[in-house]
Number of protein chains: 2
Amino acid sequence: MATDRRMRGATKSSTLLERLKRRGWRLTAQRRVIAEAMGGAHVHLTADEVFARASDRLPEISRATVYNTLNELAKLGEITEVALGSGAKRYDPETVNRHQHLVCEGCGITRDVHPDGESRLALPVAERDRFTLNRVEIVFWGLCPKCVGAART
Amino acid sequence: MATDRRMRGATKSSTLLERLKRRGWRLTAQRRVIAEAMGGAHVHLTADEVFARASDRLPEISRATVYNTLNELAKLGEITEVALGSGAKRYDPETVNRHQHLVCEGCGITRDVHPDGESRLALPVAERDRFTLNRVEIVFWGLCPKCVGAART
DNA sequence: CTCCATGCAAAAGGTTTGCACTCCC
DNA sequence: GGGAGTGCAAACCTTTTGCATGGAG
């Protein structure tokens, strides 16, 4: 009953938890609640927020475990670290569908956006065969409608 | 004699220090060494590295002053904060010529790259008139030639 | 002369680590 | 049963802040 959400359109993907099981990841209560906390798409939690969510379900869990586990998941490539400037790192569980981030410099709200046909970004030719490209991180910085209004008080 | 370097091709720019003077920025010994430490293009120092360089020339300078000053320069738009994942923030003094960053996940080396004609990045149409875009941050992650070699030991 | 910038030191995050103990496979 | 995962607490690293002093304009 927690299985049938997220089974929509996208690349026949599965939940983070399922992918980890399939990988033979050693599964514990802590790891389960962490993976579940990272659950949805369009979520960009800090380690501390993951800890908070995980604590709801498993009060004995420790911060260290959360940090360790997030680092491990990032190393496995199952989540992505995104450094959105101010404060703590954030973790993005959407690794299946390529996307970019849109961040409001006013309120800090972060959204996923998906490239449309007009975008075409490439590593400059000069570098292309000297450097092995793994991924491209793109962040659009600006002001959301609310904050544009507030700015001109 | 510190004036005639950097007077080449680019947009008739000037040193960071000159721009700040022109702006009427209150100038002190500390601020001067910090601005000079941030000097060249293609440099991406952490606050602590700036502190180290500044200390060479002005041993009494304090870390707090470095942090305060870097924050102020960033607010003025004269340098840019770049969050390149691991560890401390880095500061980029190249604000005149648009460029992107190339980071090796092996050794952490960071280089500036300049977009060529093949790249064309736009905020998706869906967002274009809801969001006020200020700047786009692009980071290419991968492995430099040295680290590709080392990886396959 | 008047602010603003500075130094110092303490505190406030955020993250990692060492070690003994637990429990998944 | 063995080794990986966990909790706790302390350490570490980075950055910010309060307050008294000093120097630029």
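Every heavy atom of this structure was used, including side-chain atoms; hydrogens, water molecules and symmetry mates were not.
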Original post:
For nucleotides 16-25 of chain D, read 5' to 3', which letter fits each nucleotide if B means a protein heavy atom sits under 4.0 Å from the base, S means only the sugar-phosphate is that close, and - means neither?
Top reply: BB-----BBS

Subject >> Contacts of type side chain to side chain contact (heavy atoms under 4.5 Å, CB included), residue B/T95, not counting sequence neighbours >> reply: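 B/T95 satisfies side chain to side chain contact (heavy atoms under 4.5 Å, CB included) with B/R19, B/T80 once adjacent residues are dropped.
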
**OP:** Tell me which nucleotide among C/dA5, D/dG5, D/dT14 gets nearest to the side chain of B/E72.
**Re:** C/dA5

**OP:** For the side chain of B/I61, starting at C-beta, report the closest nucleotide among D/dT6, C/dG7, C/dT15.
**Re:** C/dG7

Check the distance between [N]'s [atom2] and [X]'s [atom1] and give it to me in whole angstrom.
| X | N | atom1 | atom2 | result |
| --- | --- | --- | --- | --- |
| B/E49 | D/dT15 | CD | P | 11 Å |
| B/L20 | C/dA5 | CG | P | 13 Å |
| A/F51 | C/dG13 | CZ | P | 16 Å |
| A/I34 | D/dG5 | CD1 | C1' | 10 Å |
| A/R32 | D/dT6 | CZ | C1' | 15 Å |
| A/E60 | D/dT6 | CD | P | 12 Å |
| A/D48 | C/dG14 | CG | P | 7 Å |
| A/L70 | C/dG14 | CG | C1' | 13 Å |

Original post:
Will you find, in the side chains of A/W25 and A/E72, an N or O donor that is under 3.5 Å from an N or O acceptor?
Top reply: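 A pair is found: one side chain offers a donor N or O, the other an acceptor, under 3.5 Å apart.
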
Original post:
So, B/D112 versus B/Q100: side-chain donor-acceptor pair below 3.5 Å or not?
Top reply: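 Absent: no donor and acceptor within the cut-off.
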
Original post:
With a cut-off of 6.0 Å (strictly less than), are more than 12 heavy atoms of other residues, nucleotides or ligands near CG of A/L133?
Top reply: yes

Original post:
Measuring from B/N71:CG to B/I79:CD1, what's the distance to the nearest 0.5 Å?
Top reply: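 The distance works out to 8.0 Å.
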
Original post:
Between B/S62 and C/dA5, is there a side-chain N or O to OP1/OP2 distance below 4.0 Å?
Top reply: no

**OP:** May I ask you to verify if any side-chain N or O of A/Q30 is less than 4.0 angstrom from the OP1 or OP2 atom of D/dG7?
**Re:**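 Result: yes.
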
Original post:
Going through the distances and angles, do B/R23 and B/E78 end up as a salt bridge (charged side-chain N to carboxylate O under 4.0 Å, His left out)?
Top reply: CA-CA 11 Å; B/R23 234 179 215 264; B/E78 295 290 354; 2.8 Å; yes

**OP:** Determine, using ring centers only, whether A/H99 and A/H101 are less than 6.0 Å apart.
**Re:** yes

**OP:** Name the nucleic acid region contacted by A/T46, choosing base, sugar-phosphate or nothing; use a 4.0 angstrom heavy-atom cut-off, strictly under.
**Re:** nothing

**OP:** Quick one: closest heavy-atom pair of A/R120 and A/G117, and the distance?
**Re:**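 Result for this residue pair: NH2-O, 2.7 Å.
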
Subject >> Residue pair B/L73 / B/L20, side-chain heavy-atom distance below 4.5 Å >> reply: yes

Original post:
For the helix from C/dC1-D/dG25 to C/dC25-D/dG1, what angle lies between the axis at the first five pairs and the axis at the last five pairs, to 10 degrees?
Top reply: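 One end axis against the other gives 40°.
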
